[in-house]
Amino acid sequence: MAVAAGAVAIGAGSADAAIRVWTPEGQELVRFRTLTCRVDGAGFHGRAVVRGWRLNVRIQPFSGFKRYPLEYGLGEQLRHFFLDPPGGGETYSNAQEPPPAAARLTLGGSIQFPGGRKRIRIAFPVTYDRSEGEPSIVRVVGTAACSWRRR
């Protein structure tokens with residue numbers, strides 16, 4: 001957990017601010033510094049692609065720039081992120097339940113908007129992929145800028 005805690009400690013205004021993805025051993029896989037964000041009738045959408053890694057964030061219904069708890073699974077409210085590795089690997093997501101034989105390592109996390117619409121923060125320190133049997137785990141933690149399209 002020391003790795004995840006270190007990411008949260010980085011200031012949102014810091015030059016190193018990013019949503020970071022790590023292995024449990026501490027190897028950083030990718031940093032998302034900016035997401036393209038929009039809000040429409042279907043809710044909030046955030047998207048970024050870095051070195052073939054794709055991050056998609058959805059919040060439905062969206063009721064403002066506040067904190068949204070994230071849980072495992074496909075709950076009643078759609079609050080999810082999906083992280084696709086390069087090369088077509090298995091998707092990591094909070095929608096993916098821990099395998100039945102594995103101990104649940106955390107209850108979940110959250111998506112927040114510190115300071116309003118300019119930044120998005122994700123904290124989900126134990127994220128499973130969709131592999132059968134022994135799933136892979138990554139940590140998805142940090143704050144990135146939201147880039148909004150001008151109309």
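In this chain, residues are counted from 1 in sequence order.
Atom-to-atom distance recorded for Ile120:CD1 and Thr34:OG1 is 11.5 Å, nearest 0.5 angstrom. Note: Thr23 OG1 to Arg139 CZ = 8.0 Å, rounded to the nearest 0.5 Å. Rounded to the nearest 0.5 angstrom, Ile122 CD1 and Ile111 CD1 are separated by 5.0 Å. Between the CZ atom of Arg47 and the SG atom of Cys37 there is a distance of 12.0 Å, given to the nearest 0.5 Å. To the nearest 0.5 Å, the span separating CZ on Arg38 from CZ on Phe62 amounts to 12.5 Å. Taking CD of Gln60 as the start and CG of Leu78 as the end, the distance is 5.0 Å to the nearest 0.5 Å.
Taking 4.5 Å as the limit, some side-chain heavy atom of Phe32 sits within range of a side-chain heavy atom of Leu83. Proximity of Arg119 to Thr143: side-chain heavy atoms (C-beta onward) are separated by under 4.5 Å at one or more points. Taking 4.5 Å as the limit, some side-chain heavy atom of Val39 sits within range of a side-chain heavy atom of Trp148. With contacts defined as side-chain heavy-atom distances shorter than 4.5 Å, the pair Val21/Thr127 does not qualify.
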Derivation of the side chain to side chain contact (heavy atoms under 4.5 Å, CB included) call for Ile59 and Phe113: CA-CA 12 Å; Ile59 300 173; Phe113 296 89; 3.9 Å; yes

Stepwise side chain to side chain contact (heavy atoms under 4.5 Å, CB included) test for Asn94 and Val140: CA-CA 10 Å; Asn94 69 299; Val140 181; over 6 Å; no

CA sep, side-chain torsions, deciding dist, call: Phe44, Cys146, side chain to side chain contact (heavy atoms under 4.5 Å, CB included): CA-CA 11 Å; Phe44 173 85; Cys146 260; 4.3 Å; yes

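Contact detail for Arg58 and Ala42: the closest heavy-atom pair is NH2-CB, 4.4 Å. In terms of heavy atoms, Gly108 sits closest to Pro125 at O-CD, 3.9 Å. Heavy-atom minimum distance, Ala144 versus Arg33: CB-O, 3.3 Å. His80 and Leu70 get closest at one heavy-atom pair: N-CD2, 4.3 Å. Taking each heavy atom of Arg79 and Tyr68 in turn, the nearest pair found is NE-CD2, 3.6 Å.
Partners of Ser110 by side-chain hydrogen bond (donor to acceptor under 3.5 Å, both in side chains), not counting sequence neighbours, listed by chain and number: Gln112. Every residue meeting the salt bridge (charged side-chain N to carboxylate O under 4.0 Å, His left out) condition with Arg31, not counting sequence neighbours, appears here in chain and number order: Glu28.
Hydrophobic clustering (ILVMFWY, side-chain heavy atoms < 4.5 Å, transitive): Val49 and Ile19 are in distinct clusters.
For the ring-ring contact (aromatic ring centres under 6.0 Å, His included) with Phe124, the qualifying choice from Trp22, Phe82, Tyr72 is Tyr72, the only one to do so.
In this structure a side-chain-to-backbone donor-acceptor pair under 3.5 Å is missing from Ser147 to Leu35. Judged by distance alone, the side chain of Asp129 and the main-chain N or O of Ser136 form a donor-acceptor pair under 3.5 Å.
A 6.0 Å sphere centred on CD of Glu90 holds more than 12 heavy atoms belonging to other residues, nucleotides or ligands.
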